[in-house]
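Heads up: the structure comes next, in structure tokens.
Residue numbers start from 1 in every chain, and the chains themselves are labelled A, B, ... in the order their sequence lines are given, proteins ahead of strands. If you're wondering where the values come from, they're calculated on a predicted model, not measured in any experiment.
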Amino acid sequence: MTAISEFSIAIQRRVGRQRLRRGILGSIPFIFIIFLWELNTYFVWYEPIEIPPIADVWGAIFFMQSDCPGLVAAFQLHNDCQLSNNIMSSVGRVILAAVVGIPFGIAFGILAGINRTISGYLEPVGIFMNSVSGIAWIPLAIVWFGVGWETTLFIMLNTIFWLIFFNTMMGVRAVPKVLVHGVQTLGGSRFDTIWNVYLPGAMPSIITGMRMSLAFGWRALIAAEMIGGDSGLGFMIFVSAVEFKTEEVFLGVILISLIYLMSDRWLLVPLEKWTIERWGLVWKPT
Amino acid sequence: MSGEAKLIIQDLCHHYPDEYTGQSVHALEGINLQVYENEFVAIVGPSGCGKTTLLNIVAGLLPYREGRAMVDGVEIRGPGPDRGVVFQEHAILPWRTVARNIGHGLELQRVPKEETRRRVQEYIDLVGLTGFENRYPHELSGGMKQRVAVARTLCADPVIMLMDEPFAAVDAQTRITLQDELNRIVMATHKTILFITHSVEEAAFLGDRCIVFSRRPGRIKTEIKIDIPREQRVWKEMGTNPKFTEARDQILHLVRQEVTSDDEH
Ligand SMILES: Nc1ncnc2c1ncn2[C@@H]1O[C@H](COP(=O)(O)OP(=O)(O)OP(=O)(O)O)[C@@H](O)[C@H]1O
Ligand SMILES: [Mg+2]
């Protein structure tokens, strides 16, 4: 008993009481689902082809990678590394679309935020694009680019760019004018006000935009890969479903959410800590 | 007056266009004002009489068409580092530490890093923020934030410092401390200052000269010289200084006239 309580105190010290509490609360639904899933394996309410056992889903990893010569080969996108190739193809597209879409979205968002003429040009088309963005473009993209990476990249870029653009523009407009005036009266140029005021001032909104674009971008990507792609996790899910390899479908779905979760935890949360939390721009529960 | 006129304002008028009604708001009328080197000029007047308008014009943040406004003989066209402003709201940047906020002006003027560091430290010490160099503004109290704002403006070494009700947003006790400190800073730095306030006491306490504005459209009603040496301007002693109480009561009377003559309008 004392060993357990000592252990729990040690953990609380390490991760913090509140965070531990939240972590435990958050994992309860997952534990419940996994528990039901395990029960199904014993009582077979649903056939394995409908809900495969956890062990089968785990086994699918090794089955799909069985011909892969090794880790190095996996990173070199060796032809026989089925699963890792699909993961890297999806992740690669997300990264490519983010690397292109986010800087351009921020740049145009700032310009539209500070300049009425530019926002006059871009806002209506942005509203139009946002309302039909995402998967609605897939059929047209297939007509334009055919089935393949161009279609998925187009879908992603279209989703990411406009989300970042709008969030940045709104963030820039919410920056108090007095901060800009302060820098101007210190001798700051137009560029200085952008770099020192508008960009950091819009940061809370930009991070929200990044979070949204990652979430919507992933969804759009998976859909695009299913319909208009020839590789990636979405493509893998689609093909596996057609071949009734349900365990691979499950694996694909789980991987997608895990990768999304990791990108949020390891990219966005640190970015948030390093910028807006340090600057006191986020509301924190006390 | 000692030295030359740093700020010259001649026949300045201002009308704000109103986009909705089409009628314009007449904010300033025929302002003639000079601020001399090392002088502390305080402006008081009823709310809405155009004090901020005047300050924004001098700061270069508001374009003007009627009349002239010059700093060091140069016509004002847009904001510049020769006119430092301390705003009523906190205008320091939340994403910069105390030291980097205070050194921002020098950074923008491309002053070498070593010199910037030295001068920043000097002003941090002057406003009593030693030890808070690396804090972010959200970790400071309202009074401390305003000290940072004052130090930031001072550190950029403007020809004239413009202050628009800089202590209006802090509590009464802090305000008294900040007023005492500003006095000490003025003694130490010999800055030329145009200071706007609602508070008659503040104007009489700080100003070498106090300009009383009329109601809108703002005109200069009178000006009052307050001939008290800086060294004597400490709150502990000022309360009983006859020159101070006399000036304060006189200004108060003038301002009251403007506020109570409302019904004649
Ligand atoms: N941007 C604007 N557009 C139209 N009218 C304005 C604008 N700014 C100020 N005014 C009007 O001009 C007049 C003077 O405003 P100003 O802000 O200069 O007053 P003030 O003396 O600073 O008042 P306070 O002491 O309350 O700060 C006010 O009646 C105000 O309504
Ligand atoms: Mg005002």
Side-chain angles (χ1 to χ4, degrees), chain A residues 106 109-110 113-117 119-120 167-168 171-210 268 270-286, chain B residues 52 55-56 58-62 71 76-97 100-111 134-140 145 148-164 166 169:
Chain A
I106 291 175
I110 287 180
I114 60 180
N115 188 305
R116 271 169 198 250
T117 313
S119 74
N167 276 283
T168 308
V172 163
R173 287 187 182 162
V175 172
K177 260 278 171 293
V178 71
L179 299 183
V180 180
H181 289 161
V183 170
Q184 284 176 334
T185 55
L186 288 170
S189 63
R190 187 72 186 219
F191 176 80
D192 293 322
T193 59
I194 290 177
W195 191 247
N196 289 315
V197 186
Y198 287 119
L199 181 63
M203 212 55 191
S205 193
I206 291 176
I207 288 179
T208 305
M210 287 185 186
L268 285 180
L271 180 65
E272 229 167 16
K273 284 224 164 76
W274 185 62
T275 57
I276 56 181
E277 260 183 49
R278 196 164 53 125
W279 305 336
L281 298 182
V282 273
W283 179 84
K284 263 192 294 190
T286 44
Chain B
T52 299
L55 185 126
N56 282 341
V58 176
L61 298 169
L62 186 65
V71 165
I76 292 168
R77 292 266 171 269
D82 52 337
R83 286 148 290 140
V85 186
V86 180
F87 297 89
Q88 177 177 342
E89 321 99 285
H90 304 307
I92 55 172
L93 300 177
W95 36 90
R96 281 181 169 247
T97 59
R100 293 201 64 218
N101 260 300
I102 294 176
H104 200 178
L106 299 181
E107 188 185 315
L108 292 171
Q109 290 163 34
R110 310 265 184 295
V111 173
N134 298 319
R135 296 296 185 85
Y136 282 91
H138 73 102
E139 302 170 293
L140 307 179
K145 281 183 205 164
V148 175
V150 170
R152 175 176 86 162
T153 308
L154 282 170
C155 193
D157 197 22
V159 172
I160 183 170
M161 203 162 145
L162 313 169
M163 306 177 85
D164 188 0

For chain A and chain B, what donor-acceptor pairs lie under 3.5 Å, backbone included?
from	atom 1	to	atom 2	distance (Å)
Asn196(A)	O	Trp95(B)	NE1	2.6
Asn196(A)	OD1	Arg96(B)	NH2	3.2
Asn196(A)	ND2	His104(B)	NE2	3.3
Arg278(A)	O	His138(B)	NE2	3.0
Arg278(A)	NH1	Tyr136(B)	OH	2.7

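The heavy-atom pair separating Pro204(A) from Gly201(A) by the smallest distance is CD-O, 3.5 Å. The minimum heavy-atom distance between Gly60(B) and Pro79(B), with the atom names listed, is O-CD, 3.2 Å. Scanning all heavy atoms of the two residues, the minimum distance from Leu179(A) to Ala91(B) falls at CD2-O, 3.5 Å. Residue Gly187(A) comes nearest to Pro81(B) through the heavy atom pair CA-CD, 3.7 Å, listed as atom of the first residue, atom of the second, then distance.
Once rounded to the nearest 0.5 Å, the distance linking CD1 of Ile206(A) with CG of Leu271(A) reads 9.5 Å. Between atom CD1 of residue Ile207(A) and atom CD1 of residue Ile276(A) there is a gap of 4.0 Å, rounded to the nearest 0.5 Å. To the nearest 0.5 Å, the span separating CD1 on Ile106(A) from CG on Asn167(A) amounts to 10.5 Å.
Of the atoms belonging to Ile92(B), it is backbone heavy atoms, and not side-chain ones, that fall under 4.5 Å from chain A. Interface remark: Val180(A) contributes no atoms to any contact with chain B (heavy atom separation under 4.5 Å).
Contact tally against chain B (heavy-atom pairs below 4.5 Å) for Gly188(A), Pro176(A), Pro200(A): the top residue is Pro200(A). Heavy-atom pairs under 4.5 Å with chain A peak, among Gly80(B), Pro137(B), Ala156(B), at Gly80(B). Options Leu61(B), Leu162(B), Val85(B) differ in how many heavy-atom pairs under 4.5 Å they form with chain A, and the most are formed by Leu61(B).
Considering only heavy atoms from C-beta on, Pro94(B) comes within 4.5 Å of Leu281(A) through its side chain.
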